[in-house]
Asks: 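The structure is given below, and queries will be raised subsequently.
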Amino acid sequence: MPHVLVVYTDDEPGVLTRVASLFRRRGFNIHSLTVGPTERPHQSRMTIVVDAEEATVRLAVEHLRKQVSVLEVQQLGDRPKVVRDLALIRVAAGLDVRSEVLQLAQVFRANVVDIAGDSLAIECTGGPDKIDALVDALRPFGILELGRTGAVAMARGSRASPQPRLTAAPQPASNQAMSV
Amino acid sequence: MSKAGTHTGAQLIWECLTREGVTTVFGYPGGAILPTYDAMVDFSIRHVLVRHEQSAVHMADGYARASGRVGVVVATSGPGATNLVTGLATAMMDSTPLVAITGQVGSGVLGTDAFQEVDITGITLPVTKHNYLVTRAADIVPALREAFAVAKSGRSGPVLVDITKDAQQGRADLDWEAAEPIRHLRHLPPPLDPEALARALELIRHAKRPIILAGHGIQMSGARAEVLTLAERADIPFALTLLGLGAVPATHPLSLGMMGMHGEAWVNKAIQEADLLLAFGMRFDDRVTGKLKEYAPHAKKIHIDIDASELGKNVPVDVAIAGDLLTVLRALLPDVPVADRSKWLKQIRGWRGDSAVRDIKNLPDDGHLYAAHVMHDLWRLTGGNAVVVTDVGQHQMWEAQYYHHDAERSLITSGGAGTMGFALPAAIGAKLARPEAEVWVVAGDGGFQMTFAELMTAVQEGVKVNIAIINNGFLGMVRQWQALFYEGRYAATPILSPDFVKLAGAFGIHGQRVDTRADLAEAVAAARAAEGTALIEFRVEQEDSVYPMVPAGAALHEMIRRPATHAGASAIAETGSDPV
């Protein structure tokens with residue numbers, strides 16, 4: 001079962017290698033790993049989707065927490081979350097089927113980002129399931145090239161407290177992150 | 001290169017080591033570390049010149065294990081750095097705090113395959129707690145200060161700092177306070193969970209057949225007194241891991257001895273029959289558990305370790321507490337009730353039977369010299385007070401079985417990695433850390449031949465260690481496995497040795513050969529009396545095996561015992577099988 005981890009690290013050389021090496025060495029299977037800058041200066045944020053049992057994922061989290069360059073690890077688990085993936089899909093689309101492909105793209109709220117003589121490049125953002133579905137729908141036309149970013153995830157905020165906050169904004173779920 | 005700054009990078013390195021309290025480093029010079037060696041002469045840190053960089057790490061490792069301080073290694077780039085890898089892996093597996101400093105080619109040519117350039121931070125990534133590539137003089141102090149903090153904090157381990165030649169030659173100000181390390185504090189163990197403590201106490205209260213599994217973490221944490229208090233108050237016996245030997249005294253009435261693959265059969269039997277295991281600072285290594293599915297099937301398990309990633313890794317446990325053992329035990333102790341478990345202790349004594357009396361070490365000398373005799377007599381003759389540094393193989397297990405370690409840090413051995421060639425260099429490091437201690441090397445003829453060049457280091461540094469080579473003409477442990485599991489095909493295990501006495505002569509040290517038990521005591525006395533390092537070659541029975549033994553992958557109670565009959569009617573035949 002896929003588990004989503006959000007990992008904050010120092011933005012310094014070698015961090016990605018450390019994290020990737022840890023997963024490789026311990027035999028944890030990475031489904032996807034994305035990394036990019038964050039709202040905090042000098043820090044990177046990784047979203048790692050791991051295909052493993054709960055107990056294995058707990059170990060992976062503990063190993064990540066031992067890394068000097070890792071600030072914080074959140075295991076999103078069953079919490080409500082937003083997971084987004086971006087795909088660029090080049091699909092064969094001669095004039096005879098072009099309108100059909102465009103219609104499909106519209107249904108999925110995908111954008112056409114390049115038009116060539118016999119193909120279209122489509123950009124689609126969404127949950128991994130939505131992108132899988134679009135890919136399946138386009139497959140009969142002939143997919144020439146497919147690139148996906150892998151998931152970026154974020155826990156959903158709480159709706160329970162309408163009172164204005166007096167304190168500073170909460171740390172990104174560091175407390176809940178302990179519940180692994 | 002910056003001209004500004006009060007110090008060169010090289011000076012900053014030694015300034016840093018001095019302020020960290022380092023008095024001895026182990027190393028080997030070379031091109032990319034030359035600026036650092038050049039600056040060394042102005043500082044009062046002792047440098048021990050090794051004969052191979054791998055030995056430098058083992059020396060620093062022995063130094064650290066004997067003293068509890070951080071061991072420090074210096075090496076050059078390229079092959080100097082890659083030679084550290086086995087030593088770092090050894091330290092990583094056994095949680096030894098080390099800082100290794102390597103020179104690196106100039107930052108301008110990094111990545112160009114320059115002369116003696118290797119990506120040592122890449123290579124050592126999985127065998128260090130953390131590592132650094134430093135390319136500016138100004139980054140040296142922060143990196144080194146953090147390296148020491150990381151090496152010591154939490155579950156300790158080795159850290160490597162790779163410093164380019166231009167960083168060593170560049171200049172920077174020394175700003176000690178600004179370099180205060182903080183990142184190692186990020187992942188301290190969480191506050192103790194009162195609920196987990198309560199559940200642990202509940203299990204202890206209701207246990208009828210509890211056993212403490214005493215590991216290396218007891219020494220690392222300094223929790224010896226607390227473990228003993230708990231054991232005595234609650235009347236709970238303890239079994240030890242290999243690295244736990246000495247953490248609590250072997251001659252304590254509640255001590256059962258070593259557990260696991262070559263543990264005594266009654267100890268493993270007791271673990272299999274226990275209803276509660278209290279695992280203190282140990283990690284349920286496969287050599288300790290045997291077949292996991294059948295490990296201690298009746299026992300609830302409490303696991304206390306500073307490394308949360310060890311909890312539940314191999315063995316599912318009922319109560320897992322991530323924390324410093326000393327802190328956890330101090331929190332538990334006030335509520336641990338006094339108990340009488342004499343019935344359980346009597347049961348274990350029953351399993352033990354008369355095996356101790358009938359053991360091989362007590363048998364008369366029948367012309368064959370057995371390693372067990374050597375270990376037992378060495379223990380007796382040194383009053384059990386020596387620091388023994390063992391290599392890896394049969395002699396290591398015999399030492400663990402027959403030398404009874406009462407004092408902490410009195411056994412130094414490569415447990416997790418099983419690194420042959422470890423003993424001699426590690427012993428030199430141990431002796432330098434504790435000059436007042438009597439240090440013995442116990443090594444096989446195979447392992448000793450891997451690193452015996454360090455005899456010259458001992459001579460050059462004026463270090464006295466006593467060396468017992470257990471020579472059986474085989475790579476004995478591998479031969480034993482071939483005998484038991486490969487139908488006796490001795491592929492590549494017979495090994496020739498040089499004339500060790502002549503070898504000792506060539507190094508200018510005392511050397512002696514012992515073939516019979518009758519000559520043993522006198523040889524040991526002569527070695528102890530010799531002024532410098534002394535070597536004794538013990539010619540022991542060639543095809544003896546370590547018993548009892550849990551074959552790899554078998555359950556803990558499925559032990560191979562010493563065969564009841566043996567062609568030649570030697571002492572082996574007379575020992576009979578273990579009574580358990």
Side-chain angles (χ1 to χ4, degrees), chain A residues 3 5-28 30 38 40-46 48 50 52-75 171-180, chain B residues 89 92 95 107 110-111 119-135 139 142-143 145-151 153-157 159-162 181-191 193 283 305-317 320 322:
Chain A
H3 290 260
L5 305 180
V6 172
V7 184
Y8 282 85
T9 71
D10 293 318
D11 178 15
E12 62 180 18
V15 177
L16 183 58
T17 316
R18 285 179 200 287
V19 171
S21 166
L22 188 158
F23 278 79
R24 174 193 57 77
R25 186 159 59 94
R26 301 282 176 184
F28 305 137
I30 296 183
T38 67
R40 315 179 199 174
H42 314 299
Q43 285 181 20
S44 303
R45 185 183 190 278
M46 297 181 189
I48 307 174
V50 193
E53 302 289 314
E54 177 71 31
T56 312
V57 174
R58 192 193 68 77
L59 274 186
V61 168
E62 295 301 346
H63 281 293
L64 283 168
R65 291 215 170 106
K66 280 163 64 176
Q67 295 288 322
V68 172
S69 321
V70 169
L71 286 109
E72 183 187 326
V73 186
Q74 304 169 8
Q75 185 178 356
Q171 290 292 303
S174 60
N175 295 326
Q176 293 97 316
M178 295 300 168
S179 59
V180 289
Chain B
M92 185 72 176
S95 313
S107 58
L110 271 177
D119 171 19
I120 198 60
T121 45
I123 288 173
T124 58
L125 194 130
V127 294
T128 51
K129 265 188 90 174
H130 194 63
N131 61 24
Y132 304 82
L133 172 61
V134 177
T135 57
D139 296 336
R145 283 201 73 180
E146 188 174 284
F148 274 88
V150 169
S153 64
R155 178 177 176 179
S156 51
V159 179
L160 181 134
V161 185
D162 194 28
I182 44 165
R183 293 201 300 172
H184 67 290
L185 301 172
R186 282 174 178 167
H187 307 296
L188 293 182
D193 171 10
R283 60 186 177 88
D305 199 279
I306 197 158
D307 183 350
S309 70
E310 290 294 352
L311 305 174
K313 185 179 82 173
N314 296 336
V315 172
V317 296

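Throughout, a chain's letter reflects where its sequence line sits, starting with A, and its residues are numbered from 1.
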Asks: Any sub-3.5 Å donor-acceptor pair from A:Thr38's side-chain atoms to A:Gln43's backbone N or O?
Replies: yes
Asks: Identify which part of A:Glu12 has an atom lying under 4.5 Å from any heavy atom of chain B, answering side chain, backbone, both or neither.
Replies: side chain
Asks: Below 4.5 Å from any heavy atom of chain B, which atoms of A:Thr56 appear? Answer side chain, backbone, both or neither.
Replies: neither
Asks: Give the ring-plane orientation class for A:Phe23 versus A:Phe28, where under 30° counts as parallel, over 60° as perpendicular and anything between as tilted.
Replies: perpendicular
Asks: One thing to verify: whether B:Arg155 and B:Glu310 come together as a salt bridge, which I'm taking to mean a side-chain N less than 4.0 angstrom from a carboxylate O.
Replies: yes
Asks: Heavy atoms only, distances under 4.5 angstrom: which of B:Val150, B:Asn131, B:Leu133 has the most pairs with chain A? Name it, please.
Replies: B:Asn131
Asks: Are more than 12 heavy atoms, taken from residues, nucleotides or ligands other than B:Ile182, located less than 6.0 Å from that residue's CD1 atom?
Replies: no
Asks: Counting heavy-atom pairs under 4.5 Å with chain A, which one of B:Lys129, B:His184, B:Arg183 comes out on top?
Replies: B:Arg183
Asks: Are any of the side-chain nitrogens in B:Arg186 or A:Asp10 under 4.0 Å away from the carboxylate oxygens of its partner?
Replies: yes
Asks: Let me know if A:Arg18 has heavy atoms under 4.5 Å from chain B in its side chain, its backbone, both or neither.
Replies: both
